[in-house]
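Accompanying notes for the structure given below.
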Number of protein chains: 2
Amino acid sequence: MSNLDQVRVASRSTEVTRAALIKAATAVFAEYGYDGGSVRLITQKAMANQAAVNYHFGGKDGLYREVLLAATRAFEENAFLDAEELDALSPEGALRRYLHQFLLPLVKRDRVCRYLRIFAWESVKPSETFSAFIAQSPPRIFRLAERVVRRFLPQESSSETVTFAMLWLAQQPMFFVREAERLAKPPFSLKFDDDALERLVDTLTGLSLRGLAGF
Amino acid sequence: MSNLDQVRVASRSTEVTRAALIKAATAVFAEYGYDGGSVRLITQKAMANQAAVNYHFGGKDGLYREVLLAATRAFEENAFLDAEELDALSPEGALRRYLHQFLLPLVKRDRVCRYLRIFAWESVKPSETFSAFIAQSPPRIFRLAERVVRRFLPQESSSETVTFAMLWLAQQPMFFVREAERLAKPPFSLKFDDDALERLVDTLTGLSLRGLAGF
DNA sequence: TTGAAATTCAAACGGCTGTTTGAAGCGAAA
DNA sequence: TTTCGCTTCAAACAGCCGTTTGAATTTCAA
């Protein structure tokens, strides 16, 4: 169909611009937050016209929605740590694996790290867009943490206790990743290379393991 | 001296305006952050003229500096938990006391809670004003945490290990206080009354105690 | 090559920002 | 009562914000 071809070809060019805008927006929103990140800066980084955001995404909010969608997918879909893999390990092994995986952004400051920064912004000032996202299902980092801690807790534990322990575990790596830049400066001066990461994983695994094993 | 009287009386009126502005600014910056909190909203809440901020504080930044100064003093000067008190307790008692004290804002959402929110904003986008503040001395919550964990760690522990453990402990109550509003909503739905606070303190004390005691 | 649809573009819009300005109000000393 | 600082005030300033607009350009089927 000529009509379909038109749509396909047109959308190819569209996808190039859209991808560039989403990539630029991810970096900008990660650095300045949603309110602080301006459309002018995003379009400038993406080498696109200001109006492109409204043309392709209906506005700044629509673009942000796409960024959150990509971030969520990156955490949900990629197989870098799935539930089955955790279950196959011993409780101790699963705990260590969990901590190691979510501390990785400390040394590999990549795309995932930008997504975590966006989540950090959302923890200070939640946007309705993001709230709608997590309302449908808790972020993966929490679901996996619950899976890990449940293997340590007795069957009869109250759901409140499970939630406390799950949050307690989940926020440990989140803290170090989120605060990495601040911790690198005085008075802490923690520089995270591969070795330091291993030592941190060792320390946190030990602390959490003994804490959880006592239940 | 007539000159002194002039100064005194003039500064009395000045102090009223200054105090109202600082109070309003604390609330606004806590809710919207430094960038997001507008001078117009602050002066409106303080029932002062817009220009008053520049007249009394030299600008928005000067007003923010005063807010941070008050926040720092509230944490540093008040005797609601001092180092000597911690040292007088058993290691376990000190740990519990520490967690309880810094989880209190969960149920008493007061001025201290607003200060914590400002610190949360700073953790996402540190301002130079705040960085200069904490560079001169680590916040009290970290100094006390170090004091608590040092009693569990062997003498020969590396300073890195001490720092890891200290941060690990310190961010536990900070997380729950900072995320209180989010945790109150689905999918977590944690409402913190006095009883729930006690249960949380119990859980965290148990988890941390067993973790630290293993060193 | 023509024509119509999709996309880009520069410019402008209204609104909000922090700050500046110069006059007006005020209280106490002379 | 007059005078003189200190403080307040409404208005205006320049600048950035997200969005809209309508024309120019590009794209590609016919």
Side-chain angles (χ1 to χ4, degrees), chain A residues 1-25 28-29 31-68 121 125 127-129, chain B residues 1-25 28-29 31-68 121 125 127-129:
Chain A
M1 303 293 234
S2 63
N3 217 356
L4 280 180
D5 279 353
Q6 266 190 17
V7 169
R8 186 174 58 77
V9 173
S11 72
R12 205 188 308 169
S13 169
T14 290
E15 281 311 311
V16 171
T17 306
R18 282 177 56 100
L21 284 172
I22 291 175
K23 182 181 175 186
V28 169
F29 287 143
E31 175 139 15
Y32 304 102
Y34 176 73
D35 288 330
S38 76
V39 171
R40 279 172 174 80
L41 180 57
I42 291 169
T43 53
Q44 181 183 326
K45 277 201 174 194
M47 293 190 294
N49 189 270
Q50 291 178 28
V53 168
N54 296 274
Y55 180 78
H56 289 285
F57 300 97
K60 186 185 183 182
D61 188 68
L63 175 55
Y64 187 58
R65 189 183 310 273
E66 290 301 314
V67 172
L68 288 182
W121 279 103
K125 189 162 190 58
S127 69
E128 293 186 13
T129 306
Chain B
M1 305 290 231
S2 64
N3 217 355
L4 280 181
D5 278 354
Q6 266 191 16
V7 170
R8 188 174 54 78
V9 173
S11 71
R12 204 188 308 169
S13 169
T14 290
E15 282 310 312
V16 171
T17 306
R18 282 177 55 100
L21 284 172
I22 291 175
K23 182 180 175 186
V28 170
F29 288 143
E31 175 139 16
Y32 303 103
Y34 176 73
D35 289 329
S38 78
V39 172
R40 277 172 174 82
L41 180 56
I42 292 170
T43 53
Q44 180 183 326
K45 277 202 174 193
M47 291 191 294
N49 188 270
Q50 291 178 27
V53 168
N54 298 273
Y55 180 78
H56 288 286
F57 301 97
K60 185 185 183 183
D61 187 69
L63 175 55
Y64 187 58
R65 190 184 309 271
E66 290 299 316
V67 172
L68 287 181
W121 279 102
K125 188 162 188 62
S127 69
E128 293 186 12
T129 307

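Quick caveat: nothing in here was measured; it's all calculated off a predicted structure. Proteins come first, then strands; the chains are lettered A, B, ... in the order of their sequence lines, and each starts at number 1.
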Quiz item: How long is the line joining CD1 of Ile42(B) and P of dT17(C), in whole Å?
Solution: 11 Å
Quiz prompt | Which nucleotide in dT8(C), dT8(D), dT19(D) has an atom nearest any side-chain atom of His56(A) | solution = dT8(C)
Practice problem: Quick one: sort the Trp121(B) and Trp121(A) rings into parallel, tilted or perpendicular, breaks at 30° and 60°. | Solution: perpendicular
Quiz prompt | Interatomic distance where CG belongs to Asn54(A) and C1' belongs to dG22(D) [whole Å] | solution = 15 Å
Exercise. Could I get the full list of side-chain contact (heavy atoms from CB on, under 4.5 Å) partners for Arg65(B), not counting sequence neighbours?
Key: Asp61(B), Thr129(B), Phe133(B)
Quiz item: By side-chain hydrogen bond (donor to acceptor under 3.5 Å, both in side chains), which residues pair with Tyr64(B), not counting sequence neighbours?
Solution: Glu122(B)
Atom pairs, protein N/O to nucleotides 11-13 of chain D N/O, distance under 3.5 Å:
none

Practice problem: Indicate, with a heavy-atom threshold strictly under 4.0 Å, whether Gly37(B) touches base, sugar-phosphate, or nothing. | Solution: sugar-phosphate
Self-check item: Spacing of Leu21(A) atom CG relative to dG18(D) atom C1', expressed in whole Å
Solution: 15 Å
Practice problem: Find the distance Arg65(A):CZ to dG18(D):P and express it as a whole number of Å. | Solution: 17 Å
Quiz item: What pairs meet the ring pair (Phe, Tyr, Trp, His ring centres under 6.0 Å) rule with one or both residues in residues 37-62 of chain B, with sequence neighbours excluded?
Solution: none
Practice problem: Find the distance Tyr55(A):OH to dT8(C):P and express it as a whole number of Å. | Solution: 7 Å
Practice problem: Please state how far atom CD in Glu15(A) lies from atom P in dA6(C), giving the value in whole angstrom units. | Solution: 15 Å
Practice problem: Using a cut-off of strictly less than 4.0 Å, decide whether Ser38(A) has a side-chain nitrogen or oxygen near OP1 or OP2 of dC16(D). | Solution: no
Quiz item: Whole-Å distance between dT8(C) C1' and Arg18(A) CZ?
Solution: 16 Å
Quiz item: When the distance from CZ of Phe57(A) to C1' of dT19(D) is rounded to whole Å, what number comes out?
Solution: 16 Å
Contacts under 3.5 angstrom, residues 36-53 of chain A side chains, donor-acceptor by atom type, not counting sequence neighbours:
from     : atom 1 : to       : atom 2 : distance (Å)
Ser38(A) : OG     : Leu41(A) : N      : 3.1
Thr43(A) : OG1    : Val39(A) : O      : 2.9
Thr43(A) : OG1    : Arg40(A) : O      : 3.1
Asn49(A) : OD1    : Ala51(A) : N      : 2.9

Exercise. Specify the closest pair of heavy atoms between Asn54(B) and Gly59(B), including all atoms of both residues, with the distance to one decimal.
Key: OD1-CA, 3.5 Å
Quiz item: Under the side-chain contact (heavy atoms from CB on, under 4.5 Å) test, which residues partner Asp35(A), sequence neighbours left out?
Solution: Lys125(A)
Quiz item: Quick one: is dC26(C) close enough that its OP1 or OP2 comes under 4.0 Å of any side-chain N or O from Ser13(B)?
Solution: no
